[in-house]
Asker: 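Provided herewith is a single structure, encoded as structure tokens, for subsequent inquiry.
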Amino acid sequence: MSKFKIKGPCKLHGEIRVSGAKNAALKILPASILADTPSTITNIPDITDVRKMIEILESIGAKIEFDGEKAIVDPRGVNSYTPDDKLMKQLRGSIVLIGPLLAKFAKASFSQPGGCLIGARPIDDHLDIFAQMGVKVSETEDKYFLKGKPRASKIILNKMSVTATENAIMASVLSPGKTHIHVAAAEPEIADLAKFLNSMGAKIEGAGTHDITIEGVNKLYGSTHEIIPDRIEAGTFLILGLATDSRLKIGPIVSNHLSLVLHKLEKAGAKFKIFIKDGKEYIETLRQKGFNAIDIDTRTYPGFPTDLQSPMVVLLTQAKGESNIFETIFEGRFLYIDELQMMGANIEIISPHKVTIKGATLLKGKEIYSRDLRGGAALVIAGLIASGNTTINGLDYIDRGYEKIDEKLKNIGADIRRIEE
Ligand code: EPZ
């Protein structure tokens, strides 16, 4: 198992690039099989989740050339509605393949998708939307069999699930008639997916709001698309710059995708400024005079993103006073807290959804373990703040969502080494 060796505390300086959004790329790649001709997608992050999604698409016959940033997807060889089970299990995001398969074949059979340990992560909401569209759903102990062309319908989601919203959109773009999706999730990655689908000839309105309408069309044609910047990676690097009191330039970003994150950071005393370079937004961290405690509750967009909860907790260990964190989305998203406590953080776990942080505390370097993607990134930030050596085991999780994070950090002065074992 490979590991990071970090020597902290680190003062960082320079510019750190934000890659394309993982949670947009993982939907736009499967969406391209809905077209009859090839698509070209750029600004794709070179991360293991993307490479796994490409393998899954190739397992059903797609031809994909990926150079680490640009992918050319030729869907003309897609001839199967049963994606590779082993691969599906390795990637939670693979659930969004089902909508396109149903739209294309009126059939799909698959096993329970995988994912990280942040919660049960059931797929009942996905099966429910397909059933609302008239698809017949049957299951054995670990396989699902879906049959029937999705019908244009009025769909009401059980909750504002991101991938269930994306599945509803992709299942209905080729269904004749008007589909309404109510209680839709409104994340920016969903709007980016809809922008790509509309460029292929789909007729989607309202993506990025909680009410989406889709006019089904007969055919979709390959298109070109540039993935939006990853707002979670941007927020992670912003918190890193603030927590290490560094002068960092981070971008490109879309500040509008981070409105509440920026607002909360300002309430905590963070100093930063947004500037434009080559027509794109960047953010620069400024000298800090310490932080004050704040409360955070994670919500669906435009609420505070659950994927930035763990980096924010690390920052709040450096804030004076008591901060309360209410994680409303997942029930297993505090796995990293034990490691932070070992490093000296004063955090009390009140319930699987609530922790209280008392700061500011000095963090000391330790040997720790990353158990999920975003928690792992938070522990990297902790290692860069802590005094002494920190070893982080379990890099597979971090590499799933952060492109070459150690190289990006070394370029801004971090003392971080990847040890392959
Ligand atoms: C997406 O996951 C993201 N993943 C997650 O990012 C993100 O944390 C999450 O949305 C919330 O913003 C991708 O887009 C690939 P949900 P998703 O369905 O769609 C429950 C990362 O680190 N639920 O919005 O799977 C679920 O258990 C990842 O990049 C059901 O109960 O999340 C959770 O409690 C982590 N039944 C809540 O809804 C279902 O059928 C929200 O989940 C589906 C979800």
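Each ligand, and each atom within it, is numbered from 1 in the order the structure gives. Given the structure is predicted, the values throughout are model-derived calculations rather than measurements.
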Asker: State the atoms of ligand 1, each with its element, that fall below the 4.0 Å cut-off from a heavy-atom position in Lys22.
Answerer: 21 (C), 29 (O)

Asker: For Thr163, which part has a heavy atom under 4.0 Å from ligand 1: side chain, backbone, both, or neither?
Answerer: both

Asker: State plainly whether the residues Asp415 and Lys5 are in salt-bridge range, i.e. N to O under 4.0 Å.
Answerer: no

Asker: Is there a nitrogen or oxygen of Pro122 sitting under 3.5 Å from a nitrogen or oxygen of ligand 1?
Answerer: yes

Asker: Taking heavy atoms and a distance under 4.0 Å, where does Arg333 meet ligand 1: side chain, backbone, both or neither?
Answerer: side chain

Asker: State whether the shortest distance between N or O atoms of Lys159 and N or O atoms of ligand 1 falls below 3.5 angstrom.
Answerer: yes

Asker: If you measure every N/O of Phe330 against every N/O of ligand 1, is any gap under 3.5 Å?
Answerer: no

Asker: Answer yes or no: is there a side-chain heavy-atom contact under 4.5 Å between Val314 and Ile239?
Answerer: no

Asker: With a heavy-atom distance limit of 4.0 Å, tell me whether Glu189 approaches ligand 1 through its side chain, its backbone, both, or neither.
Answerer: neither

Asker: Using a 6.0 Å cut-off, check whether atom NZ of Lys404 has over 12 heavy atoms from anything other than its own residue.
Answerer: yes

Asker: Below 30° counts as parallel, above 60° as perpendicular, anything between as tilted: where do the rings of Tyr144 and Phe110 land?
Answerer: parallel

Asker: For ligand 1, find out whether one of its N or O atoms is nearer than 3.5 Å to an N or O atom of Ser161.
Answerer: yes

Asker: Any N/O of Ile329 closer than 3.5 Å to an N/O of ligand 1?
Answerer: yes

Asker: Hey, are Asp307 and Arg231 close enough for a salt bridge, meaning a charged N less than 4.0 Å from a carboxylate O?
Answerer: no

Asker: Under 4.0 Å from a heavy atom of Arg92: give me the atoms of ligand 1 that qualify, with their elements.
Answerer: 25 (O), 43 (C)

Asker: With side-chain contact (heavy atoms from CB on, under 4.5 Å) as the criterion, how do Phe66 and Asp46 come out once you've worked through the C-alpha distance, each side chain's angles and the decisive distance to 0.1 Å?
Answerer: CA-CA 9 Å; Phe66 179 50; Asp46 190 1; 3.7 Å; yes

Asker: Using a cut-off of 6.0 Å, state whether more than 12 heavy atoms not belonging to Tyr282 lie near its atom OH.
Answerer: yes

Asker: Can you confirm whether Lys410 is buried at NZ, in the sense that more than 12 heavy atoms of other residues, nucleotides or ligands lie under 6.0 Å from that atom?
Answerer: yes

Asker: A quick test of your reading: do over 12 heavy atoms of other residues, nucleotides or ligands sit less than 6.0 Å from CD of Glu205?
Answerer: no

Asker: Applying a heavy-atom cut-off of 4.0 Å, say which part of Asp125 lies close to ligand 1: side chain, backbone, both or neither.
Answerer: both

Asker: Counting only heavy atoms closer than 4.0 Å, does ligand 1 sit against the backbone of Asp124, its side chain, both, or neither?
Answerer: both

Asker: Between His126 and ligand 1, which residue portion shows a heavy-atom distance shorter than 4.0 Å: side chain, backbone, both, or neither?
Answerer: both

